[in-house]
Amino acid sequence: MTFTGMLLDLLSGLVVSIEIFVFTLMLALPFGLVVALGRMSRNPLVSAGFRLYISVVRGTPLMLQILFVYFAPYYLFGCSLARYPRLLATVLAFSLNYAAYFAEIYRGGIQSIEAGQWEAAKALGFSAGQTFRLVVLPQTIKRVIPAIGNEVITLVKDTSLAFTIAVTEMFTLAKQLSSANTTMMPLVAAGVFYYVFNYIVAFAMERLERRFAYYR
(Lines give C-alpha, C1' and ligand atoms only; values in the text may rest on other atoms or scores of the structure.)
Protein backbone atom coordinates (compact mmCIF):
# COMPACT_ATOMS: atom_id res chain seq x y z
CA MET A 1 0.00 0.00 0.00
CA THR A 2 1.25 3.47 -0.84
CA PHE A 3 1.81 6.09 1.83
CA THR A 4 -0.98 8.23 0.35
CA GLY A 5 -3.41 5.30 0.43
CA MET A 6 -2.49 4.64 4.05
CA LEU A 7 -3.19 8.25 5.00
CA LEU A 8 -6.55 8.18 3.23
CA ASP A 9 -7.53 5.06 5.15
CA LEU A 10 -6.45 6.64 8.43
CA LEU A 11 -8.43 9.77 7.61
CA SER A 12 -11.57 7.67 7.19
CA GLY A 13 -10.90 6.27 10.66
CA LEU A 14 -10.28 9.79 11.97
CA VAL A 15 -13.77 10.76 10.81
CA VAL A 16 -15.23 8.00 12.99
CA SER A 17 -13.09 9.16 15.95
CA ILE A 18 -14.35 12.71 15.48
CA GLU A 19 -17.95 11.47 15.36
CA ILE A 20 -17.48 9.66 18.68
CA PHE A 21 -15.84 12.76 20.16
CA VAL A 22 -18.49 15.25 19.01
CA PHE A 23 -21.56 13.16 19.84
CA THR A 24 -20.15 12.26 23.25
CA LEU A 25 -19.66 15.92 24.16
CA MET A 26 -23.13 16.82 22.89
CA LEU A 27 -24.66 14.25 25.24
CA ALA A 28 -22.25 14.18 28.19
CA LEU A 29 -21.92 17.92 28.86
CA PRO A 30 -25.64 18.61 29.46
CA PHE A 31 -26.28 15.23 31.09
CA GLY A 32 -23.35 15.83 33.42
CA LEU A 33 -25.08 18.97 34.69
CA VAL A 34 -28.26 16.97 35.31
CA VAL A 35 -26.25 14.38 37.24
CA ALA A 36 -24.52 17.10 39.26
CA LEU A 37 -27.86 18.65 40.26
CA GLY A 38 -29.22 15.20 41.13
CA ARG A 39 -26.12 14.50 43.20
CA MET A 40 -26.73 17.76 45.11
CA SER A 41 -30.47 17.15 45.54
CA ARG A 42 -31.94 17.54 49.01
CA ASN A 43 -33.97 14.40 48.40
CA PRO A 44 -31.83 11.63 49.94
CA LEU A 45 -33.08 8.95 47.53
CA VAL A 46 -32.34 11.04 44.45
CA SER A 47 -28.95 12.07 45.79
CA ALA A 48 -28.07 8.48 46.73
CA GLY A 49 -29.06 7.22 43.30
CA PHE A 50 -26.83 9.68 41.50
CA ARG A 51 -24.01 9.07 43.99
CA LEU A 52 -24.21 5.36 43.18
CA TYR A 53 -24.20 6.08 39.44
CA ILE A 54 -21.09 8.24 39.73
CA SER A 55 -19.38 5.71 41.98
CA VAL A 56 -20.02 2.79 39.62
CA VAL A 57 -18.96 4.69 36.49
CA ARG A 58 -15.78 6.07 38.03
CA GLY A 59 -14.96 2.77 39.70
CA THR A 60 -15.11 0.54 36.61
CA PRO A 61 -13.06 0.61 33.38
CA LEU A 62 -14.51 2.43 30.38
CA MET A 63 -13.73 -0.64 28.26
CA LEU A 64 -16.00 -2.75 30.48
CA GLN A 65 -18.74 -0.14 30.26
CA ILE A 66 -18.58 -0.19 26.44
CA LEU A 67 -18.97 -3.97 26.47
CA PHE A 68 -21.87 -3.75 28.92
CA VAL A 69 -23.76 -1.11 26.92
CA TYR A 70 -23.33 -3.11 23.72
CA PHE A 71 -24.13 -6.60 25.00
CA ALA A 72 -26.64 -5.82 27.78
CA PRO A 73 -29.67 -5.43 25.45
CA TYR A 74 -28.99 -8.89 24.03
CA TYR A 75 -28.53 -10.69 27.35
CA LEU A 76 -31.23 -8.78 29.24
CA PHE A 77 -33.93 -8.39 26.59
CA GLY A 78 -32.92 -10.77 23.81
CA CYS A 79 -32.49 -7.94 21.30
CA SER A 80 -30.60 -8.74 18.10
CA LEU A 81 -27.12 -7.25 18.10
CA ALA A 82 -27.36 -6.92 14.31
CA ARG A 83 -29.90 -4.12 14.85
CA TYR A 84 -27.81 -2.32 17.48
CA PRO A 85 -25.19 -0.12 15.78
CA ARG A 86 -21.77 -0.41 17.39
CA LEU A 87 -21.14 3.31 16.97
CA LEU A 88 -24.34 4.11 18.87
CA ALA A 89 -23.34 1.78 21.71
CA THR A 90 -19.91 3.41 21.82
CA VAL A 91 -21.32 6.93 22.01
CA LEU A 92 -23.79 5.93 24.74
CA ALA A 93 -21.08 4.28 26.82
CA PHE A 94 -18.73 7.24 26.42
CA SER A 95 -21.51 9.71 27.24
CA LEU A 96 -22.53 7.87 30.42
CA ASN A 97 -18.89 7.64 31.47
CA TYR A 98 -17.89 11.23 30.83
CA ALA A 99 -21.13 12.62 32.26
CA ALA A 100 -20.11 11.23 35.65
CA TYR A 101 -16.76 13.01 35.52
CA PHE A 102 -18.30 16.23 34.22
CA ALA A 103 -20.89 16.03 37.01
CA GLU A 104 -18.23 16.14 39.72
CA ILE A 105 -16.53 19.06 37.96
CA TYR A 106 -19.84 20.93 37.75
CA ARG A 107 -20.58 20.15 41.40
CA GLY A 108 -17.25 21.58 42.48
CA GLY A 109 -17.89 24.70 40.44
CA ILE A 110 -21.41 25.20 41.79
CA GLN A 111 -20.33 24.70 45.40
CA SER A 112 -17.49 27.19 44.94
CA ILE A 113 -19.99 30.01 44.44
CA GLU A 114 -20.20 32.07 47.61
CA ALA A 115 -23.40 31.72 49.64
CA GLY A 116 -23.66 35.51 49.74
CA GLN A 117 -24.49 35.57 46.03
CA TRP A 118 -27.52 33.34 46.60
CA GLU A 119 -28.63 35.60 49.46
CA ALA A 120 -28.12 38.76 47.40
CA ALA A 121 -30.14 37.35 44.50
CA LYS A 122 -32.93 36.34 46.91
CA ALA A 123 -32.93 39.87 48.34
CA LEU A 124 -33.36 41.21 44.81
CA GLY A 125 -36.43 39.04 44.33
CA PHE A 126 -34.88 36.28 42.21
CA SER A 127 -36.37 32.82 42.49
CA ALA A 128 -34.05 29.86 43.13
CA GLY A 129 -34.28 28.86 39.46
CA GLN A 130 -33.50 32.37 38.24
CA THR A 131 -30.59 32.65 40.64
CA PHE A 132 -29.12 29.40 39.40
CA ARG A 133 -29.65 30.18 35.73
CA LEU A 134 -28.63 33.85 35.72
CA VAL A 135 -26.08 34.10 38.54
CA VAL A 136 -24.64 30.74 39.52
CA LEU A 137 -24.46 28.82 36.23
CA PRO A 138 -22.54 31.48 34.22
CA GLN A 139 -19.92 31.72 36.97
CA THR A 140 -19.76 27.94 37.30
CA ILE A 141 -19.07 27.51 33.59
CA LYS A 142 -16.31 30.12 33.78
CA ARG A 143 -14.65 28.34 36.71
CA VAL A 144 -14.84 24.78 35.39
CA ILE A 145 -13.57 25.35 31.85
CA PRO A 146 -9.93 24.34 32.68
CA ALA A 147 -11.04 21.09 34.32
CA ILE A 148 -13.53 20.37 31.53
CA GLY A 149 -10.74 21.01 29.05
CA ASN A 150 -8.59 18.30 30.62
CA GLU A 151 -11.41 15.77 30.32
CA VAL A 152 -12.10 16.78 26.71
CA ILE A 153 -8.46 16.20 25.80
CA THR A 154 -8.60 12.79 27.49
CA LEU A 155 -11.71 11.99 25.46
CA VAL A 156 -9.76 12.46 22.22
CA LYS A 157 -7.38 9.67 23.24
CA ASP A 158 -10.09 7.48 24.74
CA THR A 159 -11.87 7.24 21.38
CA SER A 160 -9.33 4.50 20.59
CA LEU A 161 -11.17 2.26 23.08
CA ALA A 162 -14.00 1.90 20.55
CA PHE A 163 -12.01 -1.05 19.15
CA THR A 164 -13.45 -3.03 22.10
CA ILE A 165 -16.63 -3.70 20.10
CA ALA A 166 -14.96 -3.57 16.67
CA VAL A 167 -15.75 0.02 15.80
CA THR A 168 -13.29 0.85 13.03
CA GLU A 169 -11.92 4.16 14.26
CA MET A 170 -8.44 5.48 13.53
CA PHE A 171 -6.46 3.42 16.05
CA THR A 172 -8.08 0.18 14.92
CA LEU A 173 -7.31 0.98 11.29
CA ALA A 174 -3.72 1.87 12.18
CA LYS A 175 -3.23 -1.52 13.87
CA GLN A 176 -4.76 -3.35 10.92
CA LEU A 177 -2.62 -1.48 8.39
CA SER A 178 0.51 -1.96 10.47
CA SER A 179 -0.11 -5.71 10.74
CA ALA A 180 -1.01 -6.13 7.06
CA ASN A 181 2.00 -4.18 5.79
CA THR A 182 4.50 -5.15 8.53
CA THR A 183 5.44 -1.53 9.18
CA MET A 184 5.15 0.91 12.07
CA MET A 185 4.31 3.84 9.79
CA PRO A 186 0.51 3.60 10.20
CA LEU A 187 0.89 3.72 13.99
CA VAL A 188 3.29 6.66 13.77
CA ALA A 189 0.91 8.47 11.42
CA ALA A 190 -2.00 7.76 13.78
CA GLY A 191 0.02 9.20 16.65
CA VAL A 192 0.60 12.38 14.63
CA PHE A 193 -3.11 12.61 13.83
CA TYR A 194 -4.01 12.21 17.52
CA TYR A 195 -1.50 14.90 18.47
CA VAL A 196 -2.86 17.35 15.89
CA PHE A 197 -6.43 16.57 16.95
CA ASN A 198 -5.54 17.15 20.59
CA TYR A 199 -3.60 20.32 19.76
CA ILE A 200 -6.65 21.78 18.01
CA VAL A 201 -8.91 20.85 20.92
CA ALA A 202 -6.45 22.27 23.48
CA PHE A 203 -6.13 25.49 21.46
CA ALA A 204 -9.93 25.83 21.25
CA MET A 205 -10.32 25.25 25.00
CA GLU A 206 -7.59 27.80 25.75
CA ARG A 207 -9.33 30.39 23.57
CA LEU A 208 -12.62 29.63 25.32
CA GLU A 209 -10.96 30.00 28.71
CA ARG A 210 -9.54 33.39 27.70
CA ARG A 211 -12.93 34.49 26.42
CA PHE A 212 -14.48 33.81 29.81
CA ALA A 213 -11.59 35.41 31.73
CA TYR A 214 -13.23 38.81 31.46
CA TYR A 215 -11.97 40.07 34.83
CA ARG A 216 -8.29 39.62 33.97
Contact summary for [X] and [Y], nearest pair of heavy atoms:
| X | Y | result |
| --- | --- | --- |
| A100 | R58 | CB-CG, 4.5 Å |
| D9 | L173 | O-CD1, 3.1 Å |
| Y106 | G32 | CD1-C, 3.5 Å |
| L10 | A190 | CD1-N, 4.1 Å |
| M205 | G149 | CE-CA, 3.6 Å |
| S95 | A28 | O-CB, 3.7 Å |

Given the rule that I, L, V, M, F, W and Y join up when any side-chain heavy atoms are under 4.5 Å apart, are [X] and [Y] in one cluster?
| X | Y | answer |
| --- | --- | --- |
| I20 | V15 | no |
| F68 | L64 | no |
| V46 | V57 | yes |
| L88 | V167 | yes |
| M40 | L33 | yes |

As an exercise, state the distance from [atom1] of [X] to [atom2] of [Y], rounded to the nearest 0.5 Å.
| X | Y | atom1 | atom2 | value |
| --- | --- | --- | --- | --- |
| L137 | I113 | CG | CD1 | 9.5 Å |
| I18 | M170 | CD1 | CE | 8.5 Å |
| E206 | Y199 | CD | OH | 8.5 Å |
| T164 | M63 | OG1 | CE | 4.0 Å |
| T90 | I165 | OG1 | CD1 | 3.5 Å |

Please confirm whether the backbone N or O of [Y] pairs with a side-chain atom of [X], one donor and one acceptor, at under 3.5 Å?
| X | Y | answer |
| --- | --- | --- |
| Q111 | G108 | no |
| T60 | V56 | yes |
| S55 | L52 | no |
| S178 | A174 | no |

With a 4.5 Å heavy-atom cut-off, do [X] and [Y] have their side chains touching?
| X | Y | value |
| --- | --- | --- |
| I66 | F94 | yes |
| L37 | I110 | yes |
| T159 | T24 | no |
| I148 | L29 | yes |
| Q65 | L62 | yes |
| L87 | E19 | yes |
| D158 | L161 | yes |
| T168 | V16 | no |

Residue pair Q117, Q139: steps toward the side chain to side chain contact (heavy atoms under 4.5 Å, CB included) verdict = CA-CA 11 Å; Q117 297 200 38; Q139 294 183 73; 2.5 Å; yes

Do S160 and E169 have side-chain N/O donor and acceptor atoms under 3.5 Å apart?
-> no

Side-chain donor-acceptor pair present, T154, E151, cut-off under 3.5 Å =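 Distance-only check fails for T154 and E151.
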
Could you go through the side chain to side chain contact (heavy atoms under 4.5 Å, CB included) check for F163 and K175 one step at a time?
-> CA-CA 10 Å; F163 82 91; K175 290 193 299 180; 3.9 Å; yes

Heavy-atom count around Y53 OH within 6.0 Å, excluding the residue itself: above 12?
-> yes

Examine K157 relative to Y194 and say whether NZ or CZ is less than 6.0 Å from the centre of the six-membered ring and inside a 45° cone about the ring axis.
->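 That pair does not qualify as a cation-pi contact.
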
Any idea how Y98 and Y101 line up, ring-wise: parallel (<30°), tilted (30 to 60°), or perpendicular (>60°)?
-> tilted

Can we say R143 and E114 salt-bridge, meaning some charged N sits less than 4.0 Å from an Asp/Glu carboxylate O?
->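 Answer for the salt bridge query: yes.
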
Would Y70 and L92 count as a side chain to side chain contact (heavy atoms under 4.5 Å, CB included) if you check the C-alpha gap in whole Å, the side-chain angles of each, and the deciding distance to 0.1 Å?
-> CA-CA 9 Å; Y70 182 63; L92 286 176; over 6 Å; no

Compute the ring centroids of F21 and F197, then answer whether they are less than 6.0 Å apart.
-> yes

